[in-house]
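Reckoned from all heavy atoms, side chains included, excluding hydrogens, waters and symmetry mates.
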Amino acid sequence: MSNLQQQKFDLVTQDLRKWQGREEWFFNRDHTDTYELWYEGRYKRAEVWQKKVIGDLIKKDGRVKTLLEFGCGTTRFTRWWKEIGIEASGGDLSPFMLGQGAHLFDGDLVLADSHHMPFKDHTFDALAFITTFEYYKNPVQVIREAVRVGKYGIVFGMMNRNSPKVARRRIQELFGKNPFYVTATFYTPDKLKAVIAEALQGRDYTITWTATGLPAWFPVQQWSQPYGDFFGLHVRLNDAK
């Protein structure tokens with residue numbers, strides 16, 4: 001980015017701090033500029049298992065060849081979908097995150113709000129939300145937008161409420177640390193399924209899910225119990241034509 005481009009970008013984004021009436025970490029350059037380093041460091045092992053869980057779920061639906069990942073951030077997962085044979089595009093609300101993604105990802109990206117996706121009906125085969133759905137104030141509306149734009153279903157990658165780390169994060173917040181989850185709503189598989197049921201009343205769909213994010217010493221790293229730091233959940237729309 002040239003000096004002139006940087007000046008214009010800084011001018012446009014200098015007052016950008018809030019979304020949905022609240023301050024969000026992904027509008028803070030101190031946090032977004034180090035996001036990729038987090039994955040390359042202590043989060044690397046977790047990422048490997050998260051991708052395995054998500055890949056196992058979405059590949060069960062052979063209809064899915066194209067996908068839109070909303071809340072794609074720096075495109076960490078968006079770059080990965082092609083490894084499992086899916087052509088991906090990305091969308092995000094944060095220009096700070098998406099600006100990095102534009103240099104790292106050679107596919108299509110859009111700056112937009114997931115509550116109002118700027119796409120025609122059934123533009124993609126599926127939608128994906130990877131550790132972003134937790135920040136939506138109106139999750140029912142987002143799901144309805146997702147099944148409008150994604151013909152065959154949705155795959156979620158979620159921070160699990162059934163994890164000791166949730167309590168630790170909340171304690172850290174009380175002491176002014178760990179700002180990344182202050183506005184997050186943590187879901188369990190059952191809690192997410194309840195939101196999906198409200199959003200998809202009258203639709204014929206099937207849900208499958210699995211969890212990971214278990215300690216390295218645990219005998220398994222992926223299981224069908226609602227415990228662990230992360231769970232993947234796939235909504236397959238059976239009535240899509």
Side-chain angles (χ1 to χ4, degrees), residues 43 45-61 63-64 67-73 76-77 80-81 84 86 114-115 125-150 152-170 180-216 218-240:
Y43 209 59
R45 176 179 169 273
E47 180 188 27
V48 170
W49 280 100
Q50 289 173 9
K51 287 178 175 177
K52 184 179 185 306
V53 163
I54 295 299
D56 288 350
L57 289 171
I58 195 68
K59 290 304 292 180
K60 290 178 181 178
D61 190 346
R63 302 172 298 175
V64 177
L67 176 147
L68 172 65
E69 182 187 344
F70 234 102
C72 68
R76 188 77 191 185
F77 272 75
W80 163 77
W81 295 104
I84 58 172
I86 296 175
S114 55
H115 295 79
D125 292 335
L127 261 287
F129 300 102
I130 310 298
T131 61
T132 187
F133 193 79
E134 295 86 342
Y135 296 95
Y136 299 142
K137 270 192 172 181
N138 193 336
V140 169
Q141 180 179 339
V142 172
I143 290 173
R144 288 173 178 166
E145 274 289 273
V147 298
R148 179 186 67 79
V149 174
Y152 298 124
I154 314 169
V155 62
F156 298 86
M158 306 288 291
M159 296 177 283
N160 191 3
R161 186 174 179 177
N162 288 337
S163 167
K165 290 185 179 180
V166 171
R168 186 182 71 186
R169 290 165 184 160
R170 294 309 189 200
F180 302 102
Y181 308 106
V182 173
T183 58
T185 298
F186 293 104
Y187 290 82
T188 62
D190 282 346
K191 184 176 180 180
L192 180 57
K193 284 192 285 185
V195 176
I196 293 167
E198 180 181 353
L200 300 185
Q201 292 182 43
R203 296 295 304 264
D204 178 16
Y205 62 90
T206 302
I207 288 178
T208 54
W209 64 271
T210 186
T212 185
L214 298 150
F218 204 72
V220 297
Q221 291 299 306
Q222 182 177 342
W223 65 349
S224 299
Q225 300 298 319
Y227 303 100
D229 296 335
F230 180 92
F231 70 89
L233 185 147
H234 178 232
V235 180
R236 177 190 173 107
L237 297 175
N238 300 319
D239 55 4

Checklist line | Pair V53-F231, side-chain contact (heavy atoms from CB on, under 4.5 Å): steps then yes or no | finding: CA-CA 8 Å; V53 163; F231 70 89; over 6 Å; no

What's the shortest heavy-atom distance between [X] and [Y], and which atoms?
{"X": "G157", "Y": "I54", "result": "CA-CD1, 3.8 Å"}
{"X": "I84", "Y": "K59", "result": "O-NZ, 3.1 Å"}
{"X": "R45", "Y": "L214", "result": "NH2-O, 3.4 Å"}
{"X": "I58", "Y": "A126", "result": "CD1-CB, 4.5 Å"}
{"X": "F156", "Y": "L192", "result": "CG-CD2, 3.9 Å"}
{"X": "P189", "Y": "L233", "result": "O-CD1, 4.3 Å"}

Min side-chain heavy-atom separation [X]-[Y] under 4.5 Å:
{"X": "F230", "Y": "T131", "value": "yes"}
{"X": "R63", "Y": "D125", "value": "no"}
{"X": "V235", "Y": "I143", "value": "no"}

Between [X] (side chain only) and [Y] (backbone N and O only), is there a donor and an acceptor less than 3.5 Å apart?
{"X": "T212", "Y": "Q221", "value": "yes"}
{"X": "S224", "Y": "T210", "value": "no"}
{"X": "N162", "Y": "P226", "value": "yes"}

To the nearest 0.5 Å, what is the distance between [atom1] ([X]) and [atom2] ([Y])?
{"X": "E145", "Y": "H115", "atom1": "CD", "atom2": "NE2", "result": "9.5 Å"}
{"X": "D204", "Y": "L237", "atom1": "CG", "atom2": "CG", "result": "8.5 Å"}
{"X": "I196", "Y": "I154", "atom1": "CD1", "atom2": "CD1", "result": "6.5 Å"}
{"X": "D190", "Y": "R161", "atom1": "CG", "atom2": "CZ", "result": "11.5 Å"}
{"X": "W80", "Y": "Q50", "atom1": "CH2", "atom2": "CD", "result": "10.0 Å"}
{"X": "M159", "Y": "T132", "atom1": "CE", "atom2": "OG1", "result": "8.5 Å"}

Notebook entry, point to check: Aromatic ring centroids of F133 and Y187 under 6.0 Å?
Noted result: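 Here the rings of Y187 and F133 have centres that are less than 6.0 Å from each other.
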
Next item on the list: Compute the centroid of each ring, for F70 and then for F129, and state whether the two points are separated by less than 6.0 Å.
Entry: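 No, the ring of F70 stays outside the 6.0 Å limit from the ring of F129, centre to centre.
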
Check: Any idea how W81 and F77 line up, ring-wise: parallel (<30°), tilted (30 to 60°), or perpendicular (>60°)?
Finding: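 It falls in the tilted class, 30° to 60°.
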
Note to self: Under 4.0 Å between a side-chain nitrogen and a carboxylate oxygen: does that hold for D56 and K60?
What the structure shows: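 No salt bridge links D56 with K60.
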
Next item on the list: Start with the C-alpha gap between I130 and E69, add the side-chain angles, then the distance that decides, and say whether side-chain contact (heavy atoms from CB on, under 4.5 Å) holds.
Entry: CA-CA 8 Å; I130 310 298; E69 182 187 344; 3.8 Å; yes

